**Student:** 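Take a look at the following structure, please.
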2 protein chains.
Amino acid sequence: MTRRDDSKAETRELILNSARSLFWEKGPDKCSVRDIAKEAGVSPASIIVHFKNKTALLEVALYEEIEKTLGKALASLPSDQGLQAVLMHIVSIILPFYDKNRELYRVLIRDTFFEPIQESPSLAQLDENFIQFIVTLINQEKKMGNFRSDIDSHLAASSLFYLYLGVLRNFLRNPNFRVAEAVDTLSKILNLHLAGI
Amino acid sequence: MTRRDDSKAETRELILNSARSLFWEKGPDKCSVRDIAKEAGVSPASIIVHFKNKTALLEVALYEEIEKTLGKALASLPSDQGLQAVLMHIVSIILPFYDKNRELYRVLIRDTFFEPIQESPSLAQLDENFIQFIVTLINQEKKMGNFRSDIDSHLAASSLFYLYLGVLRNFLRNPNFRVAEAVDTLSKILNLHLAGI
DNA sequence: CTTTTTCATTAAACATGTTTAATAAATAAA
DNA sequence: TTTATTTATTAAACATGTTTAATGAAAAAG
(Lines give C-alpha, C1' and ligand atoms only; values in the text may rest on other atoms or scores of the structure.)
Protein backbone atom coordinates (compact mmCIF):
# COMPACT_ATOMS: atom_id res chain seq x y z
CA MET A 1 0.00 0.00 0.00
CA THR A 2 1.71 3.14 -1.22
CA ARG A 3 0.51 6.61 -0.38
CA ARG A 4 -1.02 6.81 -3.84
CA ASP A 5 -3.02 3.65 -3.31
CA ASP A 6 -4.26 4.93 0.02
CA SER A 7 -5.54 8.13 -1.48
CA LYS A 8 -7.12 6.22 -4.33
CA ALA A 9 -8.90 3.92 -1.93
CA GLU A 10 -10.03 6.92 0.07
CA THR A 11 -11.49 8.57 -3.00
CA ARG A 12 -13.25 5.34 -3.85
CA GLU A 13 -14.86 5.21 -0.43
CA LEU A 14 -15.91 8.86 -0.66
CA ILE A 15 -17.63 8.13 -3.94
CA LEU A 16 -19.26 4.95 -2.65
CA ASN A 17 -20.61 6.64 0.46
CA SER A 18 -22.11 9.51 -1.52
CA ALA A 19 -23.47 7.12 -4.10
CA ARG A 20 -25.16 4.92 -1.50
CA SER A 21 -26.67 7.93 0.18
CA LEU A 22 -28.02 9.57 -2.98
CA PHE A 23 -29.06 6.37 -4.74
CA TRP A 24 -31.01 5.40 -1.66
CA GLU A 25 -32.67 8.76 -1.07
CA LYS A 26 -33.40 9.98 -4.59
CA GLY A 27 -33.26 6.77 -6.60
CA PRO A 28 -30.62 5.95 -9.24
CA ASP A 29 -32.66 7.48 -12.07
CA LYS A 30 -33.19 10.71 -10.18
CA CYS A 31 -29.62 11.44 -9.16
CA SER A 32 -26.88 12.19 -11.63
CA VAL A 33 -23.20 11.31 -11.62
CA ARG A 34 -22.63 15.04 -11.17
CA ASP A 35 -24.78 15.03 -8.04
CA ILE A 36 -22.76 12.19 -6.56
CA ALA A 37 -19.49 13.82 -7.57
CA LYS A 38 -20.43 17.08 -5.92
CA GLU A 39 -21.50 15.33 -2.72
CA ALA A 40 -18.24 13.35 -2.67
CA GLY A 41 -16.12 16.36 -3.51
CA VAL A 42 -14.62 14.82 -6.63
CA SER A 43 -15.07 15.28 -10.35
CA PRO A 44 -17.62 13.33 -12.40
CA ALA A 45 -14.78 11.97 -14.49
CA SER A 46 -13.21 10.51 -11.39
CA ILE A 47 -16.33 8.44 -10.74
CA ILE A 48 -16.22 6.96 -14.21
CA VAL A 49 -12.50 6.25 -13.95
CA HIS A 50 -13.05 4.47 -10.63
CA PHE A 51 -16.16 2.48 -11.56
CA LYS A 52 -16.34 2.43 -15.37
CA ASN A 53 -19.97 3.55 -15.54
CA LYS A 54 -22.96 4.53 -13.44
CA THR A 55 -24.54 1.07 -13.45
CA ALA A 56 -21.30 -0.55 -12.30
CA LEU A 57 -21.12 1.99 -9.48
CA LEU A 58 -24.67 1.07 -8.52
CA GLU A 59 -23.76 -2.59 -8.50
CA VAL A 60 -20.70 -2.08 -6.29
CA ALA A 61 -22.65 0.24 -4.00
CA LEU A 62 -25.43 -2.30 -3.41
CA TYR A 63 -23.66 -5.63 -3.74
CA GLU A 64 -22.36 -5.97 -0.20
CA GLU A 65 -25.74 -5.59 1.50
CA ILE A 66 -27.42 -7.98 -0.88
CA GLU A 67 -24.77 -10.57 -0.28
CA LYS A 68 -24.96 -10.06 3.47
CA THR A 69 -28.73 -10.51 3.37
CA LEU A 70 -28.50 -13.66 1.32
CA GLY A 71 -25.85 -14.91 3.72
CA LYS A 72 -28.10 -14.28 6.71
CA ALA A 73 -30.92 -16.11 4.98
CA LEU A 74 -28.73 -19.12 4.34
CA ALA A 75 -27.38 -19.06 7.90
CA SER A 76 -30.83 -19.18 9.42
CA LEU A 77 -32.26 -22.07 7.45
CA PRO A 78 -35.00 -24.19 8.97
CA SER A 79 -33.16 -27.45 9.53
CA ASP A 80 -34.48 -30.78 8.32
CA GLN A 81 -37.19 -29.19 6.23
CA GLY A 82 -37.92 -29.84 2.59
CA LEU A 83 -36.81 -27.89 -0.48
CA GLN A 84 -39.93 -25.80 -0.63
CA ALA A 85 -39.73 -24.66 2.99
CA VAL A 86 -36.09 -23.73 2.57
CA LEU A 87 -36.74 -21.77 -0.61
CA MET A 88 -39.68 -19.95 0.93
CA HIS A 89 -37.56 -19.08 3.93
CA ILE A 90 -35.01 -17.41 1.67
CA VAL A 91 -37.60 -15.60 -0.39
CA SER A 92 -39.29 -14.41 2.79
CA ILE A 93 -36.06 -12.64 3.66
CA ILE A 94 -35.05 -11.38 0.23
CA LEU A 95 -38.34 -9.79 -0.79
CA PRO A 96 -38.78 -7.72 2.39
CA PHE A 97 -35.17 -6.66 1.89
CA TYR A 98 -35.87 -5.41 -1.63
CA ASP A 99 -39.08 -3.89 -0.36
CA LYS A 100 -37.16 -1.45 1.82
CA ASN A 101 -36.38 0.41 -1.39
CA ARG A 102 -38.07 -1.33 -4.26
CA GLU A 103 -37.26 1.34 -6.84
CA LEU A 104 -33.57 1.13 -5.99
CA TYR A 105 -33.30 -2.59 -6.56
CA ARG A 106 -35.63 -2.44 -9.53
CA VAL A 107 -33.20 -0.15 -11.31
CA LEU A 108 -30.22 -2.30 -10.37
CA ILE A 109 -31.84 -5.45 -11.71
CA ARG A 110 -33.33 -3.68 -14.72
CA ASP A 111 -29.93 -2.39 -15.78
CA THR A 112 -28.11 -5.71 -15.42
CA PHE A 113 -30.71 -8.35 -16.22
CA PHE A 114 -30.19 -8.53 -19.97
CA GLU A 115 -26.58 -7.42 -20.10
CA PRO A 116 -23.69 -9.85 -20.63
CA ILE A 117 -22.65 -11.61 -17.45
CA GLN A 118 -19.18 -10.05 -17.50
CA GLU A 119 -20.75 -6.60 -17.10
CA SER A 120 -21.99 -7.46 -13.61
CA PRO A 121 -19.90 -10.43 -12.54
CA SER A 122 -20.60 -10.23 -8.83
CA LEU A 123 -24.37 -10.21 -9.26
CA ALA A 124 -24.12 -13.06 -11.73
CA GLN A 125 -22.00 -14.97 -9.23
CA LEU A 126 -24.63 -14.42 -6.56
CA ASP A 127 -27.28 -15.90 -8.82
CA GLU A 128 -25.06 -18.81 -9.75
CA ASN A 129 -24.35 -19.50 -6.08
CA PHE A 130 -28.05 -19.46 -5.33
CA ILE A 131 -28.71 -21.94 -8.11
CA GLN A 132 -25.89 -24.15 -6.89
CA PHE A 133 -27.39 -24.06 -3.43
CA ILE A 134 -30.72 -25.23 -4.83
CA VAL A 135 -28.84 -28.00 -6.62
CA THR A 136 -27.51 -29.33 -3.33
CA LEU A 137 -31.00 -29.18 -1.83
CA ILE A 138 -32.37 -31.11 -4.76
CA ASN A 139 -29.63 -33.71 -4.46
CA GLN A 140 -30.47 -34.14 -0.79
CA GLU A 141 -34.12 -34.68 -1.64
CA LYS A 142 -33.08 -37.19 -4.25
CA LYS A 143 -31.09 -39.13 -1.68
CA MET A 144 -34.03 -39.18 0.68
CA GLY A 145 -36.16 -40.52 -2.11
CA ASN A 146 -38.45 -37.46 -2.21
CA PHE A 147 -37.49 -36.49 -5.75
CA ARG A 148 -37.04 -38.64 -8.81
CA SER A 149 -33.38 -39.50 -9.17
CA ASP A 150 -33.37 -39.25 -12.96
CA ILE A 151 -33.92 -35.51 -13.11
CA ASP A 152 -31.16 -33.07 -14.05
CA SER A 153 -30.53 -31.25 -10.77
CA HIS A 154 -29.01 -28.16 -12.31
CA LEU A 155 -31.82 -27.84 -14.83
CA ALA A 156 -34.40 -28.25 -12.10
CA ALA A 157 -32.64 -25.68 -9.94
CA SER A 158 -32.38 -23.22 -12.81
CA SER A 159 -36.04 -23.48 -13.58
CA LEU A 160 -37.01 -22.98 -9.94
CA PHE A 161 -34.87 -19.88 -10.10
CA TYR A 162 -36.71 -18.75 -13.25
CA LEU A 163 -40.01 -19.08 -11.39
CA TYR A 164 -38.60 -16.88 -8.65
CA LEU A 165 -37.44 -14.33 -11.23
CA GLY A 166 -40.88 -14.25 -12.80
CA VAL A 167 -42.48 -13.34 -9.50
CA LEU A 168 -39.66 -10.94 -8.70
CA ARG A 169 -40.26 -9.11 -11.97
CA ASN A 170 -43.92 -8.54 -11.12
CA PHE A 171 -42.95 -7.53 -7.62
CA LEU A 172 -40.45 -4.93 -8.80
CA ARG A 173 -42.43 -3.44 -11.66
CA ASN A 174 -45.71 -3.21 -9.80
CA PRO A 175 -45.56 -1.14 -6.57
CA ASN A 176 -49.02 -2.37 -5.59
CA PHE A 177 -47.84 -5.97 -5.47
CA ARG A 178 -47.28 -6.49 -1.74
CA VAL A 179 -44.57 -8.66 -0.25
CA ALA A 180 -47.06 -11.07 1.30
CA GLU A 181 -48.84 -11.53 -2.03
CA ALA A 182 -45.58 -12.20 -3.83
CA VAL A 183 -44.48 -14.72 -1.23
CA ASP A 184 -47.86 -16.39 -1.36
CA THR A 185 -47.85 -16.51 -5.16
CA LEU A 186 -44.42 -18.07 -5.27
CA SER A 187 -45.42 -20.60 -2.66
CA LYS A 188 -48.37 -21.70 -4.76
CA ILE A 189 -46.21 -21.85 -7.87
CA LEU A 190 -43.68 -24.05 -6.11
CA ASN A 191 -46.48 -26.35 -4.96
CA LEU A 192 -47.63 -26.63 -8.53
CA HIS A 193 -44.25 -27.40 -10.00
CA LEU A 194 -42.89 -29.72 -7.36
CA ALA A 195 -45.98 -31.89 -7.53
CA GLY A 196 -46.40 -31.52 -11.28
CA ILE A 197 -49.26 -29.81 -13.01
CA MET B 1 -58.99 12.85 -42.02
CA THR B 2 -58.07 16.49 -42.51
CA ARG B 3 -55.06 17.57 -44.51
CA ARG B 4 -53.22 18.11 -41.23
CA ASP B 5 -53.89 14.56 -40.08
CA ASP B 6 -52.72 13.22 -43.41
CA SER B 7 -49.41 15.01 -43.19
CA LYS B 8 -49.00 13.95 -39.60
CA ALA B 9 -49.58 10.32 -40.50
CA GLU B 10 -47.14 10.68 -43.37
CA THR B 11 -44.45 12.04 -41.06
CA ARG B 12 -45.11 9.20 -38.68
CA GLU B 13 -44.57 6.67 -41.42
CA LEU B 14 -41.39 8.39 -42.57
CA ILE B 15 -40.04 8.15 -39.05
CA LEU B 16 -41.12 4.54 -38.63
CA ASN B 17 -39.52 3.45 -41.88
CA SER B 18 -36.23 5.11 -41.07
CA ALA B 19 -36.33 3.77 -37.52
CA ARG B 20 -36.98 0.21 -38.68
CA SER B 21 -34.15 0.43 -41.18
CA LEU B 22 -31.57 1.90 -38.81
CA PHE B 23 -32.59 -0.08 -35.74
CA TRP B 24 -32.29 -3.23 -37.78
CA GLU B 25 -28.97 -2.44 -39.41
CA LYS B 26 -27.05 -0.68 -36.65
CA GLY B 27 -28.90 -1.80 -33.54
CA PRO B 28 -30.97 0.50 -31.29
CA ASP B 29 -27.99 1.30 -29.03
CA LYS B 30 -25.81 2.22 -31.99
CA CYS B 31 -28.15 4.60 -33.78
CA SER B 32 -29.28 7.88 -32.33
CA VAL B 33 -32.56 9.73 -32.58
CA ARG B 34 -30.63 12.28 -34.63
CA ASP B 35 -29.57 9.56 -37.09
CA ILE B 36 -33.16 8.46 -37.54
CA ALA B 37 -34.35 12.05 -37.84
CA LYS B 38 -31.80 12.83 -40.54
CA GLU B 39 -32.70 9.69 -42.49
CA ALA B 40 -36.39 10.53 -42.25
CA GLY B 41 -35.88 14.18 -43.10
CA VAL B 42 -37.48 15.48 -39.92
CA SER B 43 -36.21 17.02 -36.69
CA PRO B 44 -35.24 14.94 -33.65
CA ALA B 45 -37.88 16.82 -31.68
CA SER B 46 -40.52 15.64 -34.11
CA ILE B 47 -39.67 12.01 -33.31
CA ILE B 48 -40.14 12.58 -29.61
CA VAL B 49 -43.39 14.45 -30.15
CA HIS B 50 -44.70 11.60 -32.29
CA PHE B 51 -43.54 8.68 -30.14
CA LYS B 52 -42.82 10.10 -26.66
CA ASN B 53 -39.36 8.52 -26.39
CA LYS B 54 -36.86 6.32 -28.19
CA THR B 55 -37.95 3.10 -26.50
CA ALA B 56 -41.58 3.71 -27.37
CA LEU B 57 -40.53 4.26 -30.98
CA LEU B 58 -38.66 0.97 -30.88
CA GLU B 59 -41.72 -0.76 -29.54
CA VAL B 60 -44.02 0.63 -32.22
CA ALA B 61 -41.44 -0.11 -34.90
CA LEU B 62 -41.15 -3.78 -33.94
CA TYR B 63 -44.57 -4.61 -32.56
CA GLU B 64 -46.34 -5.44 -35.79
CA GLU B 65 -43.87 -8.11 -36.91
CA ILE B 66 -43.79 -9.74 -33.51
CA GLU B 67 -47.55 -9.90 -33.41
CA LYS B 68 -47.68 -11.26 -36.93
CA THR B 69 -45.18 -13.97 -36.04
CA LEU B 70 -47.06 -14.98 -32.95
CA GLY B 71 -50.23 -15.03 -35.01
CA LYS B 72 -48.68 -17.34 -37.57
CA ALA B 73 -47.46 -19.63 -34.80
CA LEU B 74 -50.95 -19.85 -33.34
CA ALA B 75 -52.50 -20.40 -36.75
CA SER B 76 -50.27 -23.37 -37.51
CA LEU B 77 -50.80 -25.31 -34.31
CA PRO B 78 -50.40 -29.07 -34.34
CA SER B 79 -53.97 -30.17 -33.78
CA ASP B 80 -54.95 -32.64 -31.08
CA GLN B 81 -51.56 -32.55 -29.45
CA GLY B 82 -50.84 -31.91 -25.81
CA LEU B 83 -49.89 -28.70 -24.05
CA GLN B 84 -46.19 -29.35 -24.26
CA ALA B 85 -46.18 -29.97 -28.00
CA VAL B 86 -48.20 -26.83 -28.63
CA LEU B 87 -45.92 -24.69 -26.49
CA MET B 88 -42.82 -26.10 -28.14
CA HIS B 89 -44.33 -25.39 -31.53
CA ILE B 90 -44.76 -21.74 -30.63
CA VAL B 91 -41.32 -21.42 -29.10
CA SER B 92 -39.80 -23.09 -32.16
CA ILE B 93 -41.18 -20.22 -34.21
CA ILE B 94 -40.55 -17.34 -31.84
CA LEU B 95 -36.90 -18.05 -31.03
CA PRO B 96 -35.77 -18.32 -34.67
CA PHE B 97 -37.65 -15.10 -35.27
CA TYR B 98 -35.75 -13.30 -32.51
CA ASP B 99 -32.58 -14.95 -33.75
CA LYS B 100 -32.78 -13.06 -37.02
CA ASN B 101 -31.61 -10.04 -35.05
CA ARG B 102 -31.01 -11.05 -31.48
CA GLU B 103 -29.45 -7.77 -30.43
CA LEU B 104 -32.46 -5.84 -31.70
CA TYR B 105 -34.99 -7.80 -29.69
CA ARG B 106 -32.67 -8.00 -26.72
CA VAL B 107 -32.69 -4.22 -26.47
CA LEU B 108 -36.45 -4.03 -26.92
CA ILE B 109 -37.08 -6.52 -24.14
CA ARG B 110 -34.33 -5.13 -21.94
CA ASP B 111 -35.83 -1.64 -22.09
CA THR B 112 -39.40 -2.71 -21.34
CA PHE B 113 -39.06 -5.75 -19.10
CA PHE B 114 -38.95 -3.98 -15.75
CA GLU B 115 -40.87 -0.85 -16.71
CA PRO B 116 -44.48 -0.29 -15.69
CA ILE B 117 -46.95 -2.05 -17.96
CA GLN B 118 -48.47 1.22 -19.14
CA GLU B 119 -45.14 2.22 -20.67
CA SER B 120 -45.36 -0.59 -23.23
CA PRO B 121 -49.02 -1.56 -23.30
CA SER B 122 -49.00 -3.43 -26.60
CA LEU B 123 -46.12 -5.69 -25.60
CA ALA B 124 -47.75 -6.32 -22.23
CA GLN B 125 -50.96 -7.19 -24.04
CA LEU B 126 -49.12 -9.66 -26.23
CA ASP B 127 -47.75 -11.40 -23.14
CA GLU B 128 -51.13 -11.41 -21.47
CA ASN B 129 -52.72 -12.90 -24.58
CA PHE B 130 -50.09 -15.59 -24.66
CA ILE B 131 -50.75 -16.45 -21.03
CA GLN B 132 -54.48 -16.53 -21.67
CA PHE B 133 -53.89 -18.88 -24.55
CA ILE B 134 -51.95 -21.21 -22.26
CA VAL B 135 -54.85 -21.00 -19.82
CA THR B 136 -57.25 -22.35 -22.43
CA LEU B 137 -54.82 -25.15 -23.26
CA ILE B 138 -54.57 -26.06 -19.60
CA ASN B 139 -58.32 -26.04 -19.25
CA GLN B 140 -58.60 -28.40 -22.20
CA GLU B 141 -56.10 -30.77 -20.62
CA LYS B 142 -58.06 -30.58 -17.41
CA LYS B 143 -61.25 -31.60 -19.23
CA MET B 144 -59.47 -34.50 -20.84
CA GLY B 145 -58.29 -35.59 -17.44
CA ASN B 146 -54.63 -35.10 -18.24
CA PHE B 147 -54.12 -32.38 -15.62
CA ARG B 148 -55.33 -32.18 -12.07
CA SER B 149 -58.55 -30.19 -11.99
CA ASP B 150 -57.77 -28.45 -8.72
CA ILE B 151 -54.90 -26.36 -10.05
CA ASP B 152 -55.19 -22.64 -10.69
CA SER B 153 -55.01 -22.43 -14.48
CA HIS B 154 -53.88 -18.85 -14.63
CA LEU B 155 -51.17 -19.42 -12.06
CA ALA B 156 -49.97 -22.51 -13.90
CA ALA B 157 -49.97 -20.62 -17.20
CA SER B 158 -48.08 -17.70 -15.70
CA SER B 159 -45.41 -19.94 -14.30
CA LEU B 160 -44.96 -21.76 -17.59
CA PHE B 161 -44.51 -18.33 -19.10
CA TYR B 162 -41.88 -17.51 -16.44
CA LEU B 163 -39.97 -20.64 -17.43
CA TYR B 164 -40.02 -19.46 -21.02
CA LEU B 165 -38.80 -16.01 -19.97
CA GLY B 166 -35.94 -17.55 -18.02
CA VAL B 167 -34.71 -19.39 -21.08
CA LEU B 168 -35.36 -16.35 -23.27
CA ARG B 169 -33.19 -14.24 -21.00
CA ASN B 170 -30.26 -16.60 -21.39
CA PHE B 171 -30.90 -16.78 -25.10
CA LEU B 172 -30.85 -13.01 -25.54
CA ARG B 173 -27.95 -12.16 -23.27
CA ASN B 174 -25.67 -14.94 -24.50
CA PRO B 175 -24.97 -14.87 -28.26
CA ASN B 176 -23.39 -18.33 -28.06
CA PHE B 177 -26.63 -19.87 -26.88
CA ARG B 178 -27.99 -21.39 -30.07
CA VAL B 179 -31.66 -21.63 -30.97
CA ALA B 180 -31.63 -25.41 -30.94
CA GLU B 181 -30.07 -25.49 -27.48
CA ALA B 182 -32.61 -23.04 -26.13
CA VAL B 183 -35.51 -25.00 -27.58
CA ASP B 184 -34.07 -28.21 -26.20
CA THR B 185 -33.53 -26.70 -22.76
CA LEU B 186 -37.05 -25.40 -22.59
CA SER B 187 -38.40 -28.76 -23.70
CA LYS B 188 -36.60 -30.50 -20.86
CA ILE B 189 -37.78 -27.89 -18.39
CA LEU B 190 -41.36 -28.37 -19.48
CA ASN B 191 -41.00 -32.13 -19.07
CA LEU B 192 -39.73 -31.57 -15.57
CA HIS B 193 -42.48 -29.24 -14.52
CA LEU B 194 -45.43 -30.91 -16.11
CA ALA B 195 -44.54 -34.24 -14.55
CA GLY B 196 -43.35 -32.75 -11.27
CA ILE B 197 -39.85 -32.76 -9.97
C1' DC C 1 19.70 14.02 -5.17
C1' DT C 2 18.04 14.29 -10.01
C1' DT C 3 15.65 12.67 -13.61
C1' DT C 4 12.25 9.86 -15.57
C1' DT C 5 8.10 7.45 -15.44
C1' DT C 6 3.73 6.25 -13.71
C1' DC C 7 -0.81 7.37 -12.66
C1' DA C 8 -4.83 9.57 -9.96
C1' DT C 9 -7.38 13.45 -10.94
C1' DT C 10 -10.01 16.70 -13.52
C1' DA C 11 -11.56 20.54 -16.81
C1' DA C 12 -13.40 20.69 -20.93
C1' DA C 13 -15.58 18.66 -24.63
C1' DC C 14 -18.67 15.34 -26.64
C1' DA C 15 -22.85 12.38 -27.69
C1' DT C 16 -27.35 11.85 -27.16
C1' DG C 17 -32.18 11.69 -25.25
C1' DT C 18 -35.45 15.10 -24.22
C1' DT C 19 -37.73 19.78 -23.23
C1' DT C 20 -39.04 24.40 -24.36
C1' DA C 21 -40.46 28.20 -26.80
C1' DA C 22 -41.34 29.98 -31.25
C1' DT C 23 -43.39 29.66 -35.94
C1' DA C 24 -46.25 29.01 -39.60
C1' DA C 25 -49.78 26.72 -41.71
C1' DA C 26 -54.25 24.60 -41.39
C1' DT C 27 -58.75 24.77 -39.31
C1' DA C 28 -62.55 26.95 -36.97
C1' DA C 29 -65.12 31.02 -35.76
C1' DA C 30 -66.83 35.66 -36.85
C1' DT D 1 -63.74 36.89 -46.30
C1' DT D 2 -61.47 38.08 -42.15
C1' DT D 3 -60.04 36.89 -37.70
C1' DA D 4 -58.95 33.74 -34.11
C1' DT D 5 -57.38 29.38 -32.65
C1' DT D 6 -55.40 25.05 -32.88
C1' DT D 7 -51.46 22.27 -33.78
C1' DA D 8 -47.53 19.96 -36.42
C1' DT D 9 -43.00 21.16 -36.66
C1' DT D 10 -38.50 22.51 -35.27
C1' DA D 11 -34.30 25.33 -33.66
C1' DA D 12 -32.14 25.92 -29.75
C1' DA D 13 -31.24 24.74 -25.24
C1' DC D 14 -30.78 21.48 -21.55
C1' DA D 15 -29.45 17.31 -18.70
C1' DT D 16 -26.56 13.80 -18.19
C1' DG D 17 -23.39 9.75 -19.04
C1' DT D 18 -18.91 9.36 -20.82
C1' DT D 19 -14.33 10.44 -23.25
C1' DT D 20 -10.16 12.99 -23.93
C1' DA D 21 -6.25 15.51 -23.08
C1' DA D 22 -3.65 17.90 -19.71
C1' DT D 23 -1.56 18.31 -15.06
C1' DG D 24 0.83 17.57 -11.09
C1' DA D 25 2.35 14.77 -7.62
C1' DA D 26 4.06 10.34 -6.14
C1' DA D 27 7.08 6.42 -7.21
C1' DA D 28 10.90 4.38 -9.60
C1' DA D 29 15.25 4.68 -11.91
C1' DG D 30 19.63 6.82 -12.51
Side-chain angles (χ1 to χ4, degrees), chain A residues 1-19 22-23 25-62 103-104 107-108 110-112 115-116 119-120, chain B residues 1-19 22-23 25-62 103-104 107-108 110-112 115-116 119-120:
Chain A
M1 262 300 189
T2 70
R3 201 172 340 173
R4 221 188 232 163
D5 291 334
D6 279 350
S7 130
K8 190 180 177 184
E10 204 178 308
T11 301
R12 186 185 158 95
E13 284 311 311
L14 281 175
I15 294 170
L16 273 176
N17 286 335
S18 303
L22 288 178
F23 281 153
E25 279 159 32
K26 305 176 65 178
D29 286 345
K30 293 269 191 296
C31 85
S32 66
V33 172
R34 281 169 180 80
D35 292 336
I36 298 170
K38 179 172 272 183
E39 172 100 358
V42 301
S43 74
S46 187
I47 292 184
I48 300 300
V49 169
H50 271 268
F51 295 94
K52 182 174 173 183
N53 58 49
K54 189 183 178 184
T55 297
L57 169 61
L58 182 63
E59 190 197 350
V60 174
L62 300 186
E103 173 64 8
L104 178 65
V107 173
L108 172 68
R110 180 195 71 190
D111 291 346
T112 55
E115 296 304 320
E119 291 292 313
S120 47
Chain B
M1 264 297 189
T2 69
R3 199 173 340 172
R4 222 186 231 164
D5 291 334
D6 279 348
S7 128
K8 189 181 177 183
E10 204 178 307
T11 301
R12 186 186 158 95
E13 285 311 310
L14 282 176
I15 295 170
L16 272 176
N17 287 335
S18 303
L22 289 178
F23 282 152
E25 279 159 33
K26 306 176 63 178
D29 286 345
K30 293 271 190 294
C31 86
S32 66
V33 172
R34 280 170 179 79
D35 291 337
I36 298 170
K38 180 172 272 183
E39 172 99 0
V42 301
S43 74
S46 188
I47 292 183
I48 300 300
V49 168
H50 271 268
F51 293 94
K52 181 173 173 180
N53 57 49
K54 190 183 178 183
T55 298
L57 169 61
L58 182 63
E59 191 198 351
V60 174
L62 301 186
E103 173 64 6
L104 178 65
V107 173
L108 172 68
R110 179 195 73 189
D111 291 346
T112 55
E115 296 304 320
E119 292 291 313
S120 46

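Just the heavy atoms: all of them, side chains too, but no hydrogens, waters or symmetry mates, feed the values below. Here the structure is a predicted model, which is why all the values come from computation and not from measurement.
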**Student:** Give one of base, sugar-phosphate or nothing for Val42(A), where a contact means two heavy atoms less than 4.0 Å apart.
**Tutor:** sugar-phosphate
**Student:** Between the opening five pairs and the closing five pairs of the helix from dC1(C)-dG30(D) to dA30(C)-dT1(D), how far apart are the helix axes, to 10°?
**Tutor:** 0°
**Student:** Let me spell it out: for each of Cys31(A) and Ile47(B), pick the nucleotide of DNA chain D with the closest heavy atom. Which residue's pick is nearer the 5' end?
**Tutor:** Ile47(B)
**Student:** For a side chain to side chain contact (heavy atoms under 4.5 Å, CB included) with Glu13(B), tell me which candidate from Ile15(B), Leu16(B), Thr11(B) qualifies.
**Tutor:** Leu16(B)
**Student:** Checking contacts here: which listed nucleotide (dG17(D), dG17(C), dT20(D)) is nearest the side-chain heavy atoms of Val33(B)?
**Tutor:** dG17(C)
**Student:** Which nucleotide in the list dA11(D), dT16(C), dA11(C) gets nearest to the side chain of Ser43(B)?
**Tutor:** dA11(D)
**Student:** Base, sugar-phosphate, or nothing for Ser46(A), non-hydrogen atoms under 4.0 angstrom?
**Tutor:** base
**Student:** Is a side-chain donor or acceptor of Lys52(B) paired with a backbone partner of Glu119(B) at a separation under 3.5 angstrom?
**Tutor:** no
**Student:** Can you see if the side chain of Thr2(A) gets near the phosphate of dA27(D) - specifically, an N or O under 4.0 Å from OP1 or OP2?
**Tutor:** yes
**Student:** Nearest-nucleotide wise, let me know which of Arg4(B) and Pro44(B) is further upstream toward the 5' end of DNA chain C.
**Tutor:** Pro44(B)
**Student:** Picking from dA27(D), dT16(D), dT19(C), which would you name as closest to the side chain of Arg34(A)?
**Tutor:** dT16(D)
**Student:** Look at the side chain of Lys54(A) and decide which nucleotide, out of dT19(D), dG17(C), dG17(D), has an atom nearest to it.
**Tutor:** dG17(D)
**Student:** So does Ser7(B) get a side-chain nitrogen or oxygen closer than 4.0 Å to the phosphate oxygens (OP1/OP2) of dT9(D)?
**Tutor:** yes
**Student:** Hey, what do you get for NZ (Lys38(A)) to SG (Cys31(A)), rounding to the nearest 0.5 Å?
**Tutor:** 13.5 Å
